[in-house]
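What follows is a set of notes on a single structure, which appears directly below.
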Amino acid sequence: MSSFDPADPLGIDDLLDPEDLAVRDTVRNWAADRVLPHIAEWYEKGELPVIRELARELGSIGALGMSLSGYGCAGATAVQYGLACLELEAADSGIRSLVSVQGSLAMYAVHRFGSEEQKQAWLPRMAAGEVIGCFGLTEPDHGSDPASMRTHAKRDGTDWVLNGRKMWITNGSVAGVAVVWARTEDGIRGFVVPTDAPGFSAPEIKHKWSLRASVTSELVLDDVRLPADAVLPGATGLRGPLSCLSHARYGIVWGAMGAARSSFEAALDYAKSREQFGRPIGGFQLTQAKLADMAVELHKGILLAHHLGRRMDAGRLRPEQVSFGKLNNVREAIEICRTARTVLGANGISLEYPVMRHATNLESVLTYEGTVEMHQLVLGKALTGLDAFR
């Protein structure tokens, strides 16, 4: 019988094949080399100054649009993509958000709903990190209710003219292309918008206390004129953007456990070295109870993520199951961070340790891609057959 591994108490690594482990190690090593030495400074300053350089590096290791096939994408499995999300968010939620928005939202929308010309024009450059993408759905007055969006696109001859505002858009100010959803006479449609189009601007949102090492913007569309072929031909109605969100939420199920793992590991290391009353605090019953509870929720969450990944790879993952994972894992990750902070005592609020940074980042992760309440209602409807949204 093998010995007990505190880093993998349930033996989940036994479910991974060598290629899975290779993907995980590649992303983990990249994050350790390129993100961890600098992330506290970037977070404190509220900037990600090398985002374009990081995007190209992430492209070079196949992390952008990695679960998509063709057009320069890696064609990885859902589990491999999840493992990458976990390792990226163990570094910082902002880095995972960069990858998630690029691949699971912007690239996924073009890959699934775009024309062949749109795919050829954008996906290879986005997969390489040469072009950063963003995804415009949420509006200043309409977050959880995208059906009420006000951004609209009207025909003018063969062209489309877009007007409206989008809010809380990751990557917006550095994007070369935006996938924007707008109301039309035929319903909600998606548009591929080059960000250098006249009338398009993306002012960066400042003064955030969460996801500080991430670019967050407003998108402003004032009479943005686009050719007829800018519309995504394969998507009409909300089903298009919501399917993109489901794909992105799946990555969050894994990513949140990365933030939780980083915080747990910091607490465990601290508990074994910090001495009070003549011995390490890890030797006291109350501290051991905290560590045990954190480990249980962390690895239950990873096991849940792995299960959903296998279902996605088999083509059997339902949106309600993604809501199950996102609701549980983000909520439990926040609790792990808060408990880890208590183990570190006053040191827990210092950027010398990752715990408070992860905790504040997760407050954004808790809200975006569907709030707690929306996922509770998705599950409530699935359980009862009764729709409480309206």
Side-chain angles (χ1 to χ4, degrees), residues 8-24 27 62-70 73-90 96 99-101 103-105 107-109 111-113 235 238-261 296-333 365-366 368-372 374-385:
D8 184 23
L10 294 179
I12 298 175
D13 279 5
D14 293 344
L15 303 175
L16 305 176
D17 62 32
E19 189 173 350
D20 298 333
L21 296 171
V23 169
R24 184 181 69 182
V27 179
L64 301 180
M66 65 181 295
S67 61
L68 305 177
S69 297
C73 301
T77 68
V79 168
Q80 289 165 1
Y81 172 58
L83 290 166
C85 287
L86 188 150
E87 295 302 330
L88 291 168
E89 195 146 353
R96 198 269 308 146
V99 170
S100 196
V101 169
S104 291
L105 291 179
M107 292 178 66
Y108 181 83
H111 191 276
R112 180 167 179 180
F113 302 116
L238 273 179
R239 186 177 299 274
L242 292 183
S243 68
C244 300
L245 289 175
S246 185
H247 197 264
R249 288 165 181 159
Y250 164 76
I252 291 173
V253 176
W254 284 90
M257 291 297 97
R261 188 193 71 192
V296 166
E297 295 306 326
L298 169 62
H299 294 282
K300 280 166 56 180
I302 295 174
L303 193 59
L304 170 58
H306 187 277
H307 172 67
L308 296 184
R310 293 300 186 203
R311 291 190 66 82
M312 179 177 277
D313 280 326
R316 299 173 60 195
L317 182 62
R318 293 189 53 82
E320 298 91 342
Q321 294 166 343
V322 178
S323 287
F324 192 115
K326 203 265 186 181
L327 175 64
N328 179 81
N329 282 15
V330 180
R331 199 161 55 181
E332 294 303 326
V365 180
L366 187 71
Y368 69 32
E369 313 289 359
T371 65
V372 167
M374 297 308 294
H375 289 297
Q376 288 173 321
L377 293 179
V378 167
L379 290 175
K381 180 181 177 180
L383 292 169
T384 66

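The structure presented is a predicted model; accordingly, all values stated were derived computationally and were not measured.
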For the residue pair Asn329 and Ala305, what are the closest heavy atoms and their distance?
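Looking at all heavy atoms of both residues, the shortest contact is ND2-CB, 4.3 Å.
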
Pair Val23, Thr77 - check side chain to side chain contact (heavy atoms under 4.5 Å, CB included), show working.
CA-CA 10 Å; Val23 169; Thr77 68; over 6 Å; no

What pairs with Asp13 under salt bridge (charged side-chain N to carboxylate O under 4.0 Å, His left out), at least two apart in sequence or on another chain?
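By the salt bridge (charged side-chain N to carboxylate O under 4.0 Å, His left out) rule, Asp13 matches Arg24.
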
Can you sort out the partners of Glu332 under salt bridge (charged side-chain N to carboxylate O under 4.0 Å, His left out), two or more places apart, ordered by chain and number?
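Result, salt bridge (charged side-chain N to carboxylate O under 4.0 Å, His left out) vs Glu332: none returned.
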
Would you give the length of the straight line joining atom [atom1] of [X] to atom [atom2] of [Y], rounded to the nearest 0.5 angstrom?
X      : Y      : atom1 : atom2 : answer
Leu15  : His307 : CG    : NE2   : 12.0 Å
Leu303 : Ile12  : CG    : CD1   : 4.5 Å
Leu298 : Met257 : CG    : CE    : 6.5 Å
Arg96  : Ser104 : CZ    : OG    : 8.5 Å
Lys326 : Met374 : NZ    : CE    : 11.5 Å
Tyr368 : Ile252 : OH    : CD1   : 5.0 Å

Non-hydrogen side-chain atoms of [X] and [Y] separated by less than 4.5 Å:
X      : Y      : value
Leu83  : Leu86  : no
Tyr81  : Tyr250 : yes
Leu366 : Thr371 : no
Ser67  : Met312 : no
Glu369 : Leu105 : yes
Val79  : Leu16  : yes

Please list, chain by chain and in numerical order, all residues satisfying side-chain hydrogen bond (donor to acceptor under 3.5 Å, both in side chains) with [X], sequence neighbours excluded.
X      : value
Glu87  : Arg28, Arg261
Glu19  : none
His375 : Ser323
Lys381 : none

Verdict with reasoning, Lys300 to Asn328, per side chain to side chain contact (heavy atoms under 4.5 Å, CB included):
CA-CA 10 Å; Lys300 280 166 56 180; Asn328 179 81; over 6 Å; no

Assign the ring pair Tyr108 / His247 to parallel, tilted or perpendicular, where the plane angle (0 to 90°) is split at 30° and 60°.
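Rings of Tyr108 and His247: parallel, as their planes differ by under 30°.
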
